[in-house]
Amino acid sequence: MNRGPYVHNVKSATCHDAATPWEYFSGNYGEGESETDTFRRPGVYEDFCTVHGTATMCGAVLVGNVTLEEPLPCE
C-alpha cells in the first residue's frame, strides 16, 4: 500500500547471490493504491523502486526457511 504522496513501483532485482531470480514489474502506483503478489516457492525475492533506485528504496520478501545475511543496498 502506497501511503505517501509520491509514485512508486516494484521491480524484481538480484542484488545478492542468495537472491532468487524472478521477473516482475508492477507499473507505477500512487497514493492509496496497492500491489499484491503471491510467491509460491521458497526463496529470497529482492526488489526495488525504479523511481527512487536501489540505493534509496529496495526490499526483500523471504519465503520459507531462508535468510538474507548480507545487507540490502538501500540500508
Query raised in the report: Do the non-hydrogen side-chain atoms of Leu68 and His16 ever get within less than 4.5 Å of each other?
Result: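 A side-chain contact under 4.5 Å exists here.
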Query raised in the report: Is there side-chain contact between Asp37 and Tyr24, with at least one heavy-atom pair below 4.5 Å?
Result: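 Side chain of Asp37 against side chain of Tyr24, heavy atoms only: contact under 4.5 Å found.
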Considering all heavy atoms of both residues, which atom of [X] and which atom of [Y] are nearest to each other, and what is their separation?
| X | Y | answer |
| --- | --- | --- |
| Gly43 | Thr20 | CA-OG1, 3.2 Å |
| Ala19 | Cys15 | CB-N, 4.5 Å |
| Val51 | Val7 | CG1-O, 3.9 Å |

Query raised in the report: Going from OG on Ser26 to NZ on Lys11, what distance comes out if it is rounded to the nearest 0.5 angstrom?
Result: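 Separation between the atoms: 10.0 Å.
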Report task. Quick one: pull up CG in Asn9 and CD in Glu33 and give me the separation to the nearest 0.5 Å. Result ->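 Going from the CG atom of Asn9 to the CD atom of Glu33 covers 12.0 Å.
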**Report entry** Cluster check Leu72, Val61: I/L/V/M/F/W/Y, side chain < 4.5 angstrom
**Finding:**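 Per the 4.5 Å side-chain linkage, Leu72 and Val61 are not co-clustered.
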Requested in this report: Answer yes if Val10 and Val63 sit in the same cluster of Ile, Leu, Val, Met, Phe, Trp and Tyr residues linked by side chain heavy atoms under 4.5 Å apart, and no otherwise.
Outcome: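 Yes, one cluster joins them.
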Query raised in the report: So, Cys74 with Cys58, SGs under 2.5 angstrom?
Result: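 Answer is yes: Cys58 pairs with Cys74 in a disulfide.
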Query - Parallel, tilted or perpendicular, as decided by the 30° and 60° cut-offs, for the rings of Tyr45 and Phe39 - result: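 Aromatic pair Phe39/Tyr45 classed tilted.
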Query raised in the report: How are the rings of His52 and His8 set to each other: parallel, tilted or perpendicular (split at 30° and 60°)?
Result: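 Plane angle between 30° and 60°, so tilted.
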Query raised in the report: Counting only N and O atoms by type, is there a donor-acceptor contact under 3.5 Å from the side chain of Trp22 to the main-chain atoms of Glu46?
Result: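 Yes.
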